[in-house]
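Here's the structure, in structure tokens; my notes come after.
Fair warning: this is a prediction, and the values are worked out from it, not measured in the lab.
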Amino acid sequence: MTNYSRRQFLGVLGAGAVASTGLSQPASAQETPVVKMGNNYFDPIGLYVEPGTTVRFEIAAGAHSATAYENRIPSDASAFDSGTISSGEFEYTFEEPGTYDYYCIPHKSVGMVGRIIVGNPGGPAEESPIPDGDVPESDAIVEQGAIAYGSSTGSDGNSDDGMMGPGMGSGPGMVNGRNGGWFGGLPFVGGALGMLGLVGGLLYWALGRGGAPPGSDGSAVETLQRRYARGDIDEEEFQRRRERLVENREN
């Protein structure tokens, strides 16, 4: 191989190595992550980025802010604050590794909060639960990269329930997929009410048997009472039909 051809060959290898390095860079270093600010939620509510990444906070609906808790960010980091905005966006570059908890000024009281992990979890935010609302656990954020608002990922907040979903006051409140609650008991309550209605109808039928007209009219009244007990007809219709049967017998 001549010196010239050897130089060409090495040049091709070098170019290939550079290209491979560029392709292997993490997406977070090539793209600007976006956090949507909607009706009482940040989405994603949990986000992982590498140090030096710029995150864009965009208004999806309403007027909101992205405001860092000054005592829940890395000690060497500066607190960011977009101020309350109703349109457009706000960008902040996260340089210091650690855990950043933030909130919306107008909706802090209803739990509009978020968490960003830069590099590795750490700092004051890891030492105590977030004081407002719920956020995903830091390990889950690191593992998944981004956690959508309303998902059922473990919470690191001060609520035992979990994050609410977007139209539930937790948004897109999280967090963490609440199950059960009084809504979950509706089938039981409905069944209990139905049973009470059946029992009431049977009692009505039993008490009314003594006054039932004899003969065929009495059988008709019993049939009517059974239909009422089963819930086939309501009380108003039952009374109307029963009075008609009694009137027909008397006539």
Discussion item. Tell me every residue that passes ring-ring contact (aromatic ring centres under 6.0 Å, His included) with Y69, counting only those two or more places apart in sequence or in another chain.
Written reply: Y103
Item to complete: Write down the atom of I59, the atom of G62, and the distance for their closest heavy-atom approach.
Response: CG2-O, 3.5 Å
Discussion item. Between D43 and K36 (salt bridge meaning N to carboxylate O under 4.0 Å), is one present in this structure?
Written reply: no
Worksheet item: Where do E95 and T93 come nearest, in terms of heavy atoms and distance?
Response: OE2-CG2, 3.3 Å
Worksheet entry | Test log, rule side chain to side chain donor-acceptor pair (under 3.5 Å), inputs E126 and T99 | CA-CA 7 Å; E126 297 295 334; T99 302; 2.6 Å; yes
Worksheet item: Given side chains that start at C-beta, do those of I130 and R72 come closer than 4.5 Å, heavy atoms only?
Response: yes
Practice prompt. Say whether, by atom type as modelled, one donor and one acceptor occur between the side chain of R115 and the main chain of Y48 under 3.5 angstrom.
Written response: no
Worksheet item: Does a side-chain N-to-carboxylate-O contact under 4.0 Å join R241 and E237?
Response: yes
Worksheet item: Do T53 and P33 come close enough that some side-chain heavy atom pair is under 4.5 Å?
Response: yes
Worksheet item: Is V55 reachable from V34 through a run of I, L, V, M, F, W or Y residues, each pair having side-chain heavy atoms under 4.5 Å apart?
Response: no
Worksheet entry | Parallel, tilted or perpendicular, as decided by the 30° and 60° cut-offs, for the rings of H107 and H64 | tilted
Worksheet, complete the sentence: The reported gap from CZ in R56 to CD in E31 (rounded to nearest 0.5 angstrom) is 11.0 Å
Fill in: Validation row: V110, D132 side chains within 4.5 angstrom (heavy atoms)
no
Fill in: Separation of S138 OG from N120 CG (nearest 0.5 Å)
10.5 Å
Item to complete: Can you see which heavy atom on F80 is nearest to which on A66, and at what distance?
Response: CD1-O, 3.6 Å
Response to the item:
Here the pair of heavy atoms bringing G38 nearest to A60 is CA-CB, 4.2 Å
Worksheet entry | Validation row: S65, M37 side chains within 4.5 angstrom (heavy atoms) | no
Worksheet entry | Residue pair V49 / Y100, side-chain heavy-atom distance below 4.5 Å | no
Worksheet entry | Nearest-0.5 Å distance that lies between atom CD1 in I117 and atom CD in E137 | 11.0 Å
Discussion item. Could you measure the distance from the OG1 atom of T67 to the NZ atom of K108? Nearest 0.5 Å is fine.
Written reply: 9.0 Å
Worksheet entry | Any P124 side-chain heavy atom under 4.5 Å of N71 side chain | no
Worksheet item: Where do Y102 and V35 come nearest, in terms of heavy atoms and distance?
Response: OH-CG1, 3.7 Å
Worksheet item: Under a 4.5 Å cut-off applied to non-hydrogen side-chain atoms, are V113 and D101 in contact?
Response: no
Item to complete: Specify whether Y92 and F94 have parallel, tilted or perpendicular ring planes, treating 30° as the upper limit for parallel and 60° as the lower limit for perpendicular.
Response: perpendicular
Worksheet item: How far does CD of E96 sit from OG of S78, to the nearest 0.5 angstrom?
Response: 8.5 Å
Fill in: Approximate separation, where rounding is to 0.5 Å, of E58 CD and S87 OG
11.5 Å
Worksheet item: Is D139 close to I141 at the side-chain level, that is, under 4.5 Å between some pair of heavy atoms?
Response: no
Discussion item. Let's go through C104 and F42 carefully: what are the C-alpha distance in whole Å and the side-chain angles of both, what is the deciding distance for side-chain contact (heavy atoms from CB on, under 4.5 Å) to 0.1 Å, and is it a yes or a no?
Written reply: CA-CA 9 Å; C104 169; F42 293 104; 3.9 Å; yes
